[in-house]
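Atoms within each ligand, like the ligands themselves, are counted from 1 in listed order. Here the structure is a predicted model, which is why all the values come from computation and not from measurement.
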Amino acid sequence: MSYDTIIFEIDDNVAVIKFNRPKALNAINPDVINELGKALDQIEADRSIRVLILTGEGEKSFIAGADISHMVNFTPTDAKQFSRQGQELLFRLESLPIPVIACVNGFALGGGTEFAMACDFIYASEKARFGQPEINLGVIPGFGGTQRLSRKVGMAQAKELCMTGKIISAQEAKDIGLVNRLFSPEELREETMKTAKLIASKGRTSMQAVKETIQRGYDLDLRNSCYMESEAFGMCLSSPDGKEGFSAFLEKRNPEFQD
Ligand code: CAA
(Lines give C-alpha, C1' and ligand atoms only; values in the text may rest on other atoms or scores of the structure.)
Protein backbone atom coordinates (compact mmCIF):
# COMPACT_ATOMS: atom_id res chain seq x y z
CA MET A 1 0.00 0.00 0.00
CA SER A 2 1.30 3.50 -0.77
CA TYR A 3 0.89 6.51 1.49
CA ASP A 4 1.22 10.29 0.99
CA THR A 5 1.62 11.67 4.50
CA ILE A 6 3.64 8.86 6.06
CA ILE A 7 6.46 6.59 4.92
CA PHE A 8 5.97 2.96 5.90
CA GLU A 9 9.01 0.69 5.88
CA ILE A 10 9.80 -2.77 7.21
CA ASP A 11 13.29 -3.77 8.35
CA ASP A 12 13.17 -7.55 9.08
CA ASN A 13 10.55 -7.72 11.80
CA VAL A 14 10.56 -4.04 12.75
CA ALA A 15 8.10 -1.63 11.11
CA VAL A 16 9.08 2.03 10.86
CA ILE A 17 6.52 4.75 10.23
CA LYS A 18 7.89 8.21 9.41
CA PHE A 19 5.59 11.22 9.51
CA ASN A 20 6.16 12.97 6.21
CA ARG A 21 4.60 16.40 5.75
CA PRO A 22 7.86 18.39 5.78
CA LYS A 23 6.30 21.69 4.67
CA ALA A 24 4.09 21.70 7.79
CA LEU A 25 6.75 20.13 10.06
CA ASN A 26 4.70 16.91 10.00
CA ALA A 27 1.59 18.50 11.53
CA ILE A 28 -1.28 16.07 11.95
CA ASN A 29 -4.35 16.44 9.71
CA PRO A 30 -7.15 13.95 8.96
CA ASP A 31 -5.09 12.42 6.11
CA VAL A 32 -2.32 11.52 8.54
CA ILE A 33 -4.86 10.07 10.97
CA ASN A 34 -6.47 7.97 8.21
CA GLU A 35 -3.18 6.78 6.77
CA LEU A 36 -1.73 5.91 10.14
CA GLY A 37 -4.91 3.94 10.87
CA LYS A 38 -4.43 1.99 7.62
CA ALA A 39 -0.77 1.35 8.41
CA LEU A 40 -1.80 -0.03 11.82
CA ASP A 41 -4.28 -2.36 10.05
CA GLN A 42 -1.38 -3.56 7.90
CA ILE A 43 0.82 -4.10 10.96
CA GLU A 44 -1.87 -5.98 12.87
CA ALA A 45 -2.42 -8.28 9.89
CA ASP A 46 1.29 -9.15 9.59
CA ARG A 47 2.41 -11.35 12.47
CA SER A 48 6.03 -11.17 11.35
CA ILE A 49 6.15 -7.54 12.56
CA ARG A 50 7.23 -7.53 16.20
CA VAL A 51 7.99 -3.87 16.97
CA LEU A 52 6.87 -0.51 15.57
CA ILE A 53 9.01 2.65 15.55
CA LEU A 54 7.36 6.04 15.01
CA THR A 55 9.57 8.90 13.86
CA GLY A 56 9.59 12.01 11.69
CA GLU A 57 11.16 12.18 8.23
CA GLY A 58 14.20 14.46 8.12
CA GLU A 59 16.01 16.12 10.97
CA LYS A 60 13.78 18.98 12.04
CA SER A 61 10.50 17.62 13.27
CA PHE A 62 8.80 14.57 14.74
CA ILE A 63 5.33 16.22 14.75
CA ALA A 64 4.82 19.97 15.32
CA GLY A 65 1.27 19.39 16.55
CA ALA A 66 -2.16 19.12 15.06
CA ASP A 67 -2.44 21.10 11.82
CA ILE A 68 -3.37 24.64 12.83
CA SER A 69 -4.45 25.67 9.32
CA HIS A 70 -6.84 22.71 9.24
CA MET A 71 -8.39 23.60 12.62
CA VAL A 72 -8.66 27.36 12.20
CA ASN A 73 -12.31 27.44 11.03
CA PHE A 74 -13.55 24.54 13.15
CA THR A 75 -16.94 24.73 14.82
CA PRO A 76 -17.01 23.35 18.38
CA THR A 77 -18.49 20.13 16.96
CA ASP A 78 -15.70 19.82 14.36
CA ALA A 79 -13.09 20.38 17.06
CA LYS A 80 -14.61 17.79 19.36
CA GLN A 81 -14.81 15.27 16.53
CA PHE A 82 -11.18 15.87 15.48
CA SER A 83 -10.09 15.52 19.10
CA ARG A 84 -12.00 12.21 19.45
CA GLN A 85 -10.51 10.95 16.15
CA GLY A 86 -6.98 11.68 17.38
CA GLN A 87 -7.67 10.22 20.81
CA GLU A 88 -9.09 6.99 19.38
CA LEU A 89 -6.06 6.57 17.12
CA LEU A 90 -3.75 7.02 20.10
CA PHE A 91 -5.74 4.52 22.19
CA ARG A 92 -5.31 2.11 19.31
CA LEU A 93 -1.57 2.75 19.16
CA GLU A 94 -1.30 2.28 22.91
CA SER A 95 -3.11 -1.04 22.79
CA LEU A 96 -1.35 -2.41 19.71
CA PRO A 97 -0.26 -5.99 20.54
CA ILE A 98 3.39 -5.15 19.80
CA PRO A 99 5.71 -2.58 21.44
CA VAL A 100 5.82 0.89 19.90
CA ILE A 101 8.89 3.12 20.33
CA ALA A 102 8.75 6.87 19.70
CA CYS A 103 12.01 7.97 18.06
CA VAL A 104 11.73 11.74 18.46
CA ASN A 105 14.11 13.40 16.02
CA GLY A 106 13.04 17.06 16.39
CA PHE A 107 9.97 19.08 17.39
CA ALA A 108 7.36 17.09 19.32
CA LEU A 109 4.89 19.82 20.16
CA GLY A 110 1.22 19.62 21.06
CA GLY A 111 -0.06 16.56 19.19
CA GLY A 112 3.61 15.57 18.74
CA THR A 113 4.18 15.12 22.46
CA GLU A 114 0.76 13.43 22.62
CA PHE A 115 1.67 10.92 19.88
CA ALA A 116 5.02 10.22 21.55
CA MET A 117 3.34 9.63 24.93
CA ALA A 118 0.99 7.04 23.43
CA CYS A 119 4.06 4.97 22.49
CA ASP A 120 5.50 2.52 25.03
CA PHE A 121 8.58 4.66 25.56
CA ILE A 122 10.45 7.55 24.02
CA TYR A 123 14.00 7.79 22.70
CA ALA A 124 14.97 11.27 21.55
CA SER A 125 17.65 13.25 19.80
CA GLU A 126 19.56 15.70 21.98
CA LYS A 127 18.10 18.34 19.64
CA ALA A 128 14.46 17.30 20.16
CA ARG A 129 11.99 19.72 21.73
CA PHE A 130 8.84 18.87 23.65
CA GLY A 131 5.86 20.84 24.90
CA GLN A 132 2.14 21.41 25.02
CA PRO A 133 1.96 24.95 23.57
CA GLU A 134 -1.82 24.86 22.93
CA ILE A 135 -2.40 27.47 25.65
CA ASN A 136 -0.58 29.97 23.38
CA LEU A 137 -3.32 29.35 20.79
CA GLY A 138 -6.03 29.84 23.39
CA VAL A 139 -6.92 26.14 23.49
CA ILE A 140 -5.85 23.03 25.37
CA PRO A 141 -4.32 19.72 24.26
CA GLY A 142 -6.92 17.62 22.45
CA PHE A 143 -5.26 14.24 21.76
CA GLY A 144 -5.10 13.10 25.40
CA GLY A 145 -2.22 15.40 26.44
CA THR A 146 -3.81 16.74 29.61
CA GLN A 147 -4.37 13.18 30.83
CA ARG A 148 -1.35 11.21 29.64
CA LEU A 149 1.14 13.91 30.60
CA SER A 150 0.09 13.91 34.26
CA ARG A 151 0.21 10.12 34.30
CA LYS A 152 3.72 10.16 32.78
CA VAL A 153 5.41 13.01 34.65
CA GLY A 154 3.10 13.83 37.58
CA MET A 155 0.37 16.42 37.93
CA ALA A 156 2.53 19.41 38.84
CA GLN A 157 4.92 19.01 35.89
CA ALA A 158 1.95 18.44 33.56
CA LYS A 159 0.20 21.56 34.81
CA GLU A 160 3.35 23.66 34.44
CA LEU A 161 3.86 22.51 30.83
CA CYS A 162 0.20 22.95 29.82
CA MET A 163 -0.19 26.26 31.69
CA THR A 164 3.00 27.94 30.45
CA GLY A 165 3.02 26.43 26.94
CA LYS A 166 6.82 26.36 27.32
CA ILE A 167 8.89 24.36 24.87
CA ILE A 168 11.44 22.27 26.78
CA SER A 169 14.74 20.73 25.69
CA ALA A 170 15.28 17.01 25.26
CA GLN A 171 17.42 17.03 28.44
CA GLU A 172 14.60 18.66 30.44
CA ALA A 173 12.15 16.11 29.03
CA LYS A 174 14.49 13.35 30.17
CA ASP A 175 14.92 14.95 33.60
CA ILE A 176 11.16 14.88 34.23
CA GLY A 177 10.87 11.28 33.05
CA LEU A 178 9.13 11.87 29.74
CA VAL A 179 12.05 10.53 27.69
CA ASN A 180 13.90 7.30 28.47
CA ARG A 181 17.18 7.89 26.60
CA LEU A 182 18.88 10.64 24.59
CA PHE A 183 21.22 10.19 21.64
CA SER A 184 23.05 12.45 19.24
CA PRO A 185 21.00 13.13 16.06
CA GLU A 186 23.41 10.87 14.14
CA GLU A 187 23.00 7.94 16.53
CA LEU A 188 19.30 8.18 17.35
CA ARG A 189 17.82 6.00 14.58
CA GLU A 190 20.49 3.30 14.82
CA GLU A 191 20.20 3.09 18.62
CA THR A 192 16.40 2.96 18.43
CA MET A 193 16.63 0.16 15.87
CA LYS A 194 19.08 -1.75 18.11
CA THR A 195 16.57 -1.70 20.97
CA ALA A 196 13.73 -2.60 18.60
CA LYS A 197 15.69 -5.63 17.33
CA LEU A 198 16.45 -6.73 20.89
CA ILE A 199 12.75 -6.54 21.77
CA ALA A 200 11.83 -8.32 18.51
CA SER A 201 14.04 -11.26 19.51
CA LYS A 202 11.86 -12.07 22.55
CA GLY A 203 8.69 -14.16 22.61
CA ARG A 204 5.58 -12.58 21.10
CA THR A 205 3.17 -13.93 23.73
CA SER A 206 5.21 -12.77 26.71
CA MET A 207 5.91 -9.41 25.02
CA GLN A 208 2.20 -8.78 24.50
CA ALA A 209 1.50 -9.88 28.08
CA VAL A 210 4.12 -7.53 29.56
CA LYS A 211 2.77 -4.62 27.52
CA GLU A 212 -0.86 -5.28 28.43
CA THR A 213 -0.17 -6.00 32.09
CA ILE A 214 1.80 -2.78 32.64
CA GLN A 215 -0.55 -0.69 30.49
CA ARG A 216 -3.87 -1.91 31.85
CA GLY A 217 -2.62 -2.44 35.39
CA TYR A 218 -1.61 1.22 35.63
CA ASP A 219 -5.27 2.26 35.81
CA LEU A 220 -6.18 -0.39 38.41
CA ASP A 221 -5.55 -0.60 42.17
CA LEU A 222 -2.50 -2.66 43.20
CA ARG A 223 -4.41 -5.77 44.32
CA ASN A 224 -6.40 -6.03 41.07
CA SER A 225 -3.42 -5.23 38.86
CA CYS A 226 -1.34 -7.91 40.65
CA TYR A 227 -4.21 -10.36 40.17
CA MET A 228 -4.11 -9.56 36.46
CA GLU A 229 -0.34 -10.14 36.53
CA SER A 230 -0.82 -13.64 38.04
CA GLU A 231 -3.29 -14.54 35.30
CA ALA A 232 -0.88 -13.39 32.60
CA PHE A 233 2.06 -15.13 34.33
CA GLY A 234 0.12 -18.40 34.33
CA MET A 235 -0.83 -17.99 30.70
CA CYS A 236 2.77 -17.21 29.65
CA LEU A 237 4.26 -20.10 31.60
CA SER A 238 2.11 -22.64 29.79
CA SER A 239 2.56 -20.98 26.37
CA PRO A 240 5.09 -22.22 23.79
CA ASP A 241 7.27 -19.17 24.67
CA GLY A 242 7.30 -20.11 28.33
CA LYS A 243 8.02 -23.78 27.65
CA GLU A 244 10.84 -22.89 25.25
CA GLY A 245 12.34 -20.25 27.57
CA PHE A 246 12.43 -22.57 30.58
CA SER A 247 13.72 -25.58 28.60
CA ALA A 248 16.43 -23.47 26.97
CA PHE A 249 17.64 -22.22 30.36
CA LEU A 250 17.78 -25.72 31.83
CA GLU A 251 19.48 -27.09 28.70
CA LYS A 252 22.01 -24.19 28.80
CA ARG A 253 21.19 -22.90 25.31
CA ASN A 254 19.66 -19.75 23.83
CA PRO A 255 15.87 -19.86 23.49
CA GLU A 256 14.33 -19.98 20.04
CA PHE A 257 10.95 -18.36 20.37
CA GLN A 258 8.41 -19.24 17.69
CA ASP A 259 5.69 -16.84 16.56
N1 CAA B 1 0.21 23.24 12.01
C2 CAA B 1 0.30 23.69 10.75
N3 CAA B 1 1.45 24.16 10.22
C4 CAA B 1 2.54 24.17 11.01
C5 CAA B 1 2.51 23.72 12.33
C6 CAA B 1 1.26 23.21 12.84
N7 CAA B 1 1.12 22.72 14.08
N8 CAA B 1 3.73 23.87 12.87
C9 CAA B 1 4.50 24.39 11.91
N10 CAA B 1 3.80 24.59 10.77
C11 CAA B 1 4.25 25.14 9.51
C12 CAA B 1 4.43 26.65 9.59
O13 CAA B 1 3.20 27.31 9.44
C14 CAA B 1 5.38 26.89 8.44
O15 CAA B 1 4.66 26.87 7.24
P16 CAA B 1 4.99 27.99 6.08
O17 CAA B 1 6.41 27.71 5.69
O18 CAA B 1 3.99 27.66 5.00
O19 CAA B 1 4.80 29.32 6.72
C20 CAA B 1 6.26 25.64 8.45
O21 CAA B 1 5.54 24.64 9.20
C22 CAA B 1 7.60 25.85 9.15
O23 CAA B 1 7.32 26.39 10.43
P24 CAA B 1 8.06 27.70 11.00
O25 CAA B 1 8.44 28.62 9.90
O26 CAA B 1 7.21 28.24 12.10
O27 CAA B 1 9.39 27.03 11.57
P28 CAA B 1 10.25 27.52 12.83
O29 CAA B 1 11.47 26.68 12.82
O30 CAA B 1 10.42 28.99 12.81
O31 CAA B 1 9.36 27.16 14.11
C32 CAA B 1 7.95 25.75 15.49
C33 CAA B 1 9.07 25.81 14.41
C34 CAA B 1 8.47 26.28 16.83
C35 CAA B 1 7.60 24.27 15.62
C36 CAA B 1 6.73 26.58 15.02
O37 CAA B 1 6.39 26.18 13.69
C38 CAA B 1 5.51 26.39 15.87
O39 CAA B 1 5.40 26.97 16.93
N40 CAA B 1 4.54 25.56 15.40
C41 CAA B 1 3.27 25.35 16.08
C42 CAA B 1 3.43 24.45 17.29
C43 CAA B 1 2.11 24.31 17.99
O44 CAA B 1 1.52 25.27 18.46
N45 CAA B 1 1.63 23.05 18.09
C46 CAA B 1 0.36 22.76 18.73
C47 CAA B 1 -0.74 22.67 17.69
S48 CAA B 1 -2.34 22.52 18.40
C49 CAA B 1 -2.46 20.89 18.85
O50 CAA B 1 -1.55 20.09 18.66
C51 CAA B 1 -3.76 20.53 19.50
C52 CAA B 1 -3.90 19.12 19.90
O53 CAA B 1 -3.42 18.69 20.93
C54 CAA B 1 -4.74 18.23 19.11
Among all the protein's heavy atoms, is there at least one whose distance to [atom] comes out below 4.0 Å?
atom	result
atom 53 (O) of ligand 1	yes
atom 12 (C) of ligand 1	no
atom 39 (O) of ligand 1	no
atom 26 (O) of ligand 1	no
atom 29 (O) of ligand 1	yes
atom 50 (O) of ligand 1	yes
atom 7 (N) of ligand 1	yes
atom 21 (O) of ligand 1	yes

Inter-residue atom distance I28.CD1 - Q85.CD, 0.5 Å rounding: 11.5 Å
Please examine the side chains of E244 and Q258, heavy atoms only from C-beta on, and report whether any two atoms are closer than 4.5 Å. no
Is the shortest side-chain heavy-atom distance between M1 and K38 below 4.5 Å? yes
Ligand 1 and [X], any nitrogen or oxygen pair closer than 3.5 angstrom?
X	answer
A64	yes
K23	yes
G142	yes

Is G86 close enough to touch ligand 1? Criterion: a residue heavy atom under 4.0 Å from a ligand atom. no
Any non-hydrogen atom of K60 lying under 4.0 Å from ligand 1? yes
For [atom], which protein heavy atom lies nearest, and how many Å away is it?
atom	answer
atom 35 (C) of ligand 1	L109 CD1, 3.6 Å
atom 5 (C) of ligand 1	A24 O, 4.0 Å
atom 44 (O) of ligand 1	P133 CG, 3.6 Å
atom 47 (C) of ligand 1	A66 O, 3.6 Å
atom 36 (C) of ligand 1	L25 CD1, 4.8 Å
atom 1 (N) of ligand 1	I68 N, 2.9 Å

Residue [X] vicinity, atoms of ligand 1 by number, heavy atom under 4.0 Å:
X	value
D67	1 (N), 2 (C)
E134	48 (S), 49 (C), 50 (O), 51 (C), 52 (C), 53 (O)
P141	53 (O)

Of the side chain and backbone of [X], name the one, both, or neither that has a heavy atom under 4.0 Å from an atom of ligand 1.
X	result
L137	side chain
E114	side chain
A27	side chain

Could you tell me whether D67 and R21 have a side-chain N and a carboxylate O separated by less than 4.0 Å? yes
Assess whether a salt bridge exists between K194 and E191, defined as any Lys/Arg side-chain N lying under 4.0 Å from an Asp/Glu carboxylate O. yes
Report the relative orientation of the aromatic rings in Y123 and F121; use parallel for angles under 30°, tilted for 30 to 60°, perpendicular for over 60°. tilted
Below 30° counts as parallel, above 60° as perpendicular, anything between as tilted: where do the rings of Y3 and F8 land? tilted
Within 6.0 Å of CD in E9, more than 12 heavy atoms from elsewhere: yes
With a sphere of 6.0 Å drawn around NZ of K152, does it hold more than 12 non-hydrogen atoms of other residues, nucleotides or ligands? yes
Test salt bridge (Lys or Arg N to Asp or Glu O under 4.0 Å) on E44 and R92 and set out the steps. CA-CA 11 Å; E44 280 182 329; R92 191 168 169 213; 2.9 Å; yes
Please tell me whether F115 and F19 form a close aromatic pair, meaning their ring centres lie under 6.0 Å apart. yes
Between F91 and F143, ring centroids under 6.0 Å: no
Check: I7 main-chain N/O paired with N20 side-chain donor or acceptor under 3.5 Å: no
Does D241 reach the main-chain N or O of R204 with its side chain, forming a donor-acceptor pair under 3.5 Å? yes
Evaluate R84 against Q81 for side-chain hydrogen bond (donor to acceptor under 3.5 Å, both in side chains), listing each step before the verdict. CA-CA 5 Å; R84 291 297 304 156; Q81 204 179 1; over 6 Å; no
